[in-house]
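Chain letters run A, B, ... following the sequence lines, proteins first and then strands; every chain starts at 1.
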Amino acid sequence: MFHQFEKSIPTAVAERLSQQLQIEAPVHLEQPRDAKFGEFALPVAFQLARQLKQAPKAIAEKLVEAIGALPGVAAIEIAGNGYLNVRLDRGAYLASLIQPPAATAAAGTGKIIIEHTNINPNKAAHIGHLRNAILGDTFVRMLRASGETVEVQNYIDNTGVQVADVVVGFKYLEHKTIAEVEALAAAPRFDYYCWDLYARTSSYYKEHPDSLAWRAEVLHSIEAGTDEVSQLGHLVANAIVACHLRTMARLHIAYDVLPRESEILHLRFWASAFELLKERKALFLESEGKNKGCWVMPASAFRDAARAEEEDIDDSKVIVRSNGTVTYVGKDIAYQLWKFGLLGKDFFYEPLAGFPGVMVSTATPQPATQQFGAGKTVYNVIDSRQSYLQDVVVAGLRALGYEQQAEQSIHFSYEMVALTPRTCIDLRIPISEEDQKKPYVEVSGRKGLGVKADDLLNELIETAGREVASRNAEAAESERVEISTRIAIGALRYFMLKFTRNTVIAFDLQEALSFTGETGPYVQYAAVRAGRILTKLVDQGETLPNFSQLPPEQISAMAAELADENLWQLTLAVSKLESALNRSIGSGEPAHLARYAFQLAQSFSTFYENYPVIYEKNPDKKRLLLWMTGYFATQLQRTLGILGIPVPAYM
RNA sequence: GGGCGCGUAGCUCAGUUGGAUAGAGCAUCAGCCUUCUAAGCUGAGGGUCGCAGGUUCGAUCCCUGCCGCGCCUACCA
């Protein structure tokens with residue numbers, strides 16, 4: 001409801017100014033610093049001061065007169081040296097919250113594709129991957145909540161270097177047969193096994209540089225996709241993908257489709273993209289210098305052209321290596337073209353065994369049951385370290401003349417998750433003396449140093465479990481596990497969301513394990529307590545009024561209680577979800593919605609402390625408090641739902 | 001060298017696109033459980049918004065230059 005006014009007041013005011021005073025001015029709406037100034041502030045008089053060469057205050061007086069009455073607005077006042085402060089009609093506002101007018105369905109803006117998670121399928125997921133998946137999944141929920149159609153893709157790089165390295169480990173370091181690896185893959189924690197094996201292979205390369213030939217050979221086999229080595233590659237990648245999906249499912253993160261690199265190769269997506277790029281002269285064959293024999297994209301395509309020329313450095317990006325193989329970026333250009341429906345080719349799909357509702361790409365022809373790709377807007381949730389590569393991909397679109405799609409290709413970037421030195425020591429991760437003085441230490445998958453996603457979640461569940469047990473000793477064990485799992489998910493998701501995207505998270509285990517203050521469990525606790533009040537009411541034999549059928553005079557009587565400034569401010573705060581969601585989507589910052597959730601919970605805590613709902617004697621006030629309790633409960637649940645945070649039955 | 005980003009309370013971070021007295025959490029200190037769950041609430045202290053200019057009615061926010069830090073700048077991804 002608040003959001004309706006945010007949209008309607010500026011347009012209405014602009015219209016009146018135009019009609020009454022022939023003034024065309026953009027009208028901005030602000031929220032006053034102090035609530036006592038009203039619900040909205042219009043600084044329009046300041047903007048006009050120079051144009052009209054008059055004092056803002058004098059202008060403001062004319063404006064108020066010209067604007068006149070607005071629906072739902074009780075008063076427009078002049079304050080400070082020229083602010084117009086808008087006060088809403090509290091009674092009308094409450095009535096429209098209790099009995100909302102029929103909402104018009106929000107129109108989507110065309111299919112939005114979000115690619116997230118995208119973990120190399122060669123080892124267990126770690127906290128960095130969690131930030132990616134949680135950000136992506138939450139943004140998906142946010143867009144869907146605002147009426148958009150969203151398709152979630154999780155790209156699987158199953159033919160890349162990292163998978164090859166694990167295959168090298170199995171084949172050359174451990175001399176394992178396919179059957180032996182199959183047995184390992186079927187056992188629990190195969191992703192943990194590969195985590196260690198990958199680290200061992202990486203360090204083996206370092207000690208024996210000649211062994212890098214194994215990688216090249218294995219990579220070649222995997223790309224060709226015919227022999228036993230490639231079979232091993234698929235075995236590893238498929239099993240690890242399943243591990244990742246199970247890990248993410250624990251956090252309520254799901255996907256619509258898994259496009260795989262193996263199909264990009266076998267269905268010759270790259271060949272099509274390559275032809276397009278050559279045709280439009282977006283690539284050229286380098287004939288000299290360090291990139292001789294490679295197909296490269298000139299730096300001028302994705303960098304400032306003038307600068308690239310004046311400096312004598314070769315910033316060209318290799319797309320096809322001199323041995324004829326394609327880089328990841330090249331395949332990514334083909335994939336990006338497909339996402340927009342510009343490639344003229346499509347995958348085949350089949351259901352992914354063991355994961356209902358998830359489709360995976362295949363090269364084997366299948367009857368088409370679902371259509372994927374061909375989005376209008378594409379968000380790629382990718383770590384900010386890869387911004388250079390994302391620029392190259394967008395430059396590829398642009399070079400092919402797809403200007404509009406280039407504009408709609410959004411690198412939804414985020415900073416890395418590092419560890420605090422304290423946490424490194426807690427986890428027995430060796431760090432140098434120099435690193436101990438830094439605020440954070442970067443982790444390394446190659447070295448096998450980091451925090452695995454499942455370990456972290458398990459530890460959170462355990463910590464929450466101790467707390468739950470101490471408060472609810474009588475509850476059944478299985479129920480307690482369910483509750484503590486929900487709390488752990490809330491803690492983890494909130495922790496990953498509370499920071500804005502380009503803030504490096506210095507992950508601190510002790511901080512993450514804390515459930516007080518600005519955390520997910522704080523918000524969950526508010527939702528639980530709100531629900532508890534209503535449960536208690538019914539337990540006492542009272543019934544909750546049917547608010548949708550409430551007669552107008554009762555609503556008026558409730559509205560009279562909103563003369564209490566605190567109750568009015570609380571009601572306003574609860575009604576701002578849509579506004580917060582909109583702002584959060586507009587800024588591309590899920591952190592803004594997370595912060596709203598926290599503020600909403602704070603508002604509820606204030607309400608809870610100051611207004612004993614059940615013991616209220618005045619029937620009109622009690623009716624208002626009961627309605628507010630229900631409204632708080634609903635809005636807290638909705639907000640948490642959009643953040644992907646479940647609400648426990650009790651805490 | 002160049003590109004991108006960051007610098008706000010002791011610590012970790014917000015700051016709604018340039019507006020009224022710069023906000024949270026943690027930590028510290030002082031209080032609040034016989035009343036809907038204390039994972040909570042109330043209060044206190046804590047600031048040269050990195051530095052210096054500029055733009056204007058007004059700058060934490062925009063521009064320029066410095067200082068410090070991080071990431072990227074592969075025929076890895």
Side-chain angles (χ1 to χ4, degrees), chain A residues 28-34 37 41 43 46 49-50 55-56 79-83 85 118 120 157 160-162 165 215 286 290-296 303-304 307-308 311 313 315 317-323 325 327-329 332 382-389 391 413 415-416 418 420 438-440 442 446 464 467-468 471-472 487 498-500 502-506 508 511 514-519 521-522 524-526 528-530 532-537 539-540 579-580 582-584 586-587 589 591-592 595 598-599 602 605-606 608-615 629 650-651:
Chain A
H28 272 298
L29 205 60
E30 289 171 10
Q31 287 194 46
R33 176 157 305 287
D34 194 321
F37 291 123
F46 297 111
R50 193 162 16 139
N81 31 352
Y83 272 102
N85 288 335
N118 192 3
N120 270 301
D157 184 9
V161 174
Q162 296 211 20
D165 285 346
R215 172 196 273 174
E286 186 66 75
K290 61 172 183 169
N291 294 335
K292 186 178 177 183
C294 299
W295 285 87
V296 304
R303 287 279 170 83
D304 185 335
R307 198 190 57 75
E311 291 180 29
I313 46 170
D315 269 358
K317 178 63 197 169
V318 171
I319 305 296
V320 181
R321 302 181 187 104
S322 54
N323 67 4
T325 57
T327 59
Y328 181 88
V329 191
D332 216 16
I382 302 176
D383 156 5
S384 66
R385 285 175 290 195
Q386 298 190 44
S387 62
Y388 163 69
L389 300 177
D391 289 346
S413 68
E415 270 291 352
M416 62 172 171
T420 60
K438 291 183 177 174
Y440 56 82
E442 197 178 344
R446 226 162 272 248
E467 196 70 27
V468 172
R471 288 154 194 263
N472 304 279
I487 293 168
K498 71 194 279 192
F499 305 94
T500 48
N502 61 7
T503 298
V504 176
I505 297 182
D508 187 81
E511 194 191 326
S514 147
F515 298 153
T516 62
E518 194 193 338
T519 63
Y522 175 88
Q524 291 172 314
Y525 189 57
V528 166
R529 294 214 288 185
R532 270 293 166 115
I533 295 175
L534 301 176
T535 311
K536 185 98 178 186
L537 181 86
D539 286 352
Q540 291 187 352
S579 169
N582 224 267
R583 183 163 50 83
S584 192
S587 60
E589 287 289 3
H592 292 160
R595 184 156 278 263
F598 176 63
Q599 285 167 350
Q602 277 184 317
S605 295
T606 306
Y608 188 90
E609 294 290 330
N610 296 331
Y611 300 93
V613 179
I614 289 178
Y615 308 102
T629 305
Y650 57 85
M651 284 177 77

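Taking atom NZ on A:Lys536 and atom C1' on B:U37, their separation rounds to 9 Å, with Å as the unit. Taking atom CG on A:Leu389 and atom P on B:C75, their separation rounds to 11 Å, with Å as the unit. As a whole-Å value, the separation of A:Asp391 CG from B:G2 C1' is 14 Å. The interatomic distance linking A:Asn610 (CG) with B:C32 (P) rounds to 17 Å, in whole Å. Going from atom CD of A:Glu415 over to atom P of B:U12 covers 16 Å, rounded to whole Å. Remark: P of B:U42 and CD of A:Glu609 are 7 Å apart, rounded to the nearest angstrom.
Within the nucleic acid shown, A:Thr629 has no heavy atom closer than 4.0 Å to any nucleic acid atom. A:Glu442 comes within 4.0 angstrom of sugar-phosphate atoms only, judged by non-hydrogen atoms across all strands, and of no base. Heavy atoms of A:Tyr615 sit under 4.0 angstrom from primed sugar atoms or phosphate atoms, though from no base atom. Here A:Val161 lies in heavy-atom contact (under 4.0 Å) with sugar-phosphate atoms only. At the heavy-atom level, A:Asp508 lies nowhere under 4.0 Å from the strands shown.
Counting only heavy atoms from C-beta outward, the side chains of A:Val468 and A:Met651 never approach each other to under 4.5 Å.
When distances run from any side-chain atom of A:Arg529 to the nucleotides B:A74, B:C71, B:G40, the shortest one goes to B:G40.
Comparing B:G54 with B:U42, their P atoms sit 44 Å apart, to the nearest whole Å. When the P atom is used for both B:A52 and B:C57, the distance is 24 Å, rounded to whole Å. Taking atom P in both B:G25 and B:A44, the straight-line distance is 13 Å, to the nearest Å. As rounded to the nearest Å, B:C41 and B:C13 have P atoms that lie 23 Å from one another. Comparing B:C11 with B:U28, their P atoms are spaced 16 Å from each other, to the whole Å. B:G15 sits 16 Å from B:A20 when the P atoms are compared, rounded to a whole Å. Across B:A74 and B:U17, the matching C1' atoms stand 38 Å from one another, rounded to whole Å. Between B:U12 and B:G7, the two P atoms lie 12 Å apart (nearest whole Å).
Annotated as anti: B:C51, whose O4'-C1'-N torsion sits more than 90° from 0. Glycosidic conformation of B:U35: anti, with the torsion beyond 90° of 0.
At the phosphate of B:C6, OP1 or OP2 sits under 4.0 Å from a side-chain N or O atom of A:Asn502. Phosphate proximity of B:U73 to A:Ser387: absent, as no side-chain N or O sits under 4.0 Å from OP1 or OP2. Side-chain N/O atoms of A:Arg385 include none lying less than 4.0 angstrom from OP1 or OP2 on B:A77. Phosphate proximity of B:C75 to A:Asn291: present, with a side-chain N or O under 4.0 Å from OP1 or OP2. Distances shown here put every side-chain N or O of A:Tyr328 at or beyond 4.0 Å from the OP1 or OP2 atom of B:A77.
With A:Ser584 contributing its side chain and A:Glu589 its backbone, the two residues share a donor-acceptor pair below 3.5 Å. A donor-acceptor contact shorter than 3.5 Å is absent between the side chain of A:Lys536 and the backbone of A:Ile614. Between the side chain of A:Thr503 and the backbone N or O of A:Phe499 there is no donor-acceptor pair closer than 3.5 Å.
Remark: ring of A:Tyr388 does not overlap the six-membered base ring of B:G3 in a stacked fashion, as centroids less than 5.5 Å apart with planes less than 30° apart are not both met.
Base pairing analysis places B:A39 opposite nothing; no Watson-Crick or G-U wobble pair with both distances below 3.5 Å involves it.
Looking at A:Ser322, its side chain comes within 3.5 Å of the base of B:C75 through a donor and an acceptor atom. At a cut-off of 3.5 angstrom, counting only N and O atoms as typed in the model, there is a donor on one side and an acceptor on the other between the side-chain of A:Asn85 and the base of B:A20.
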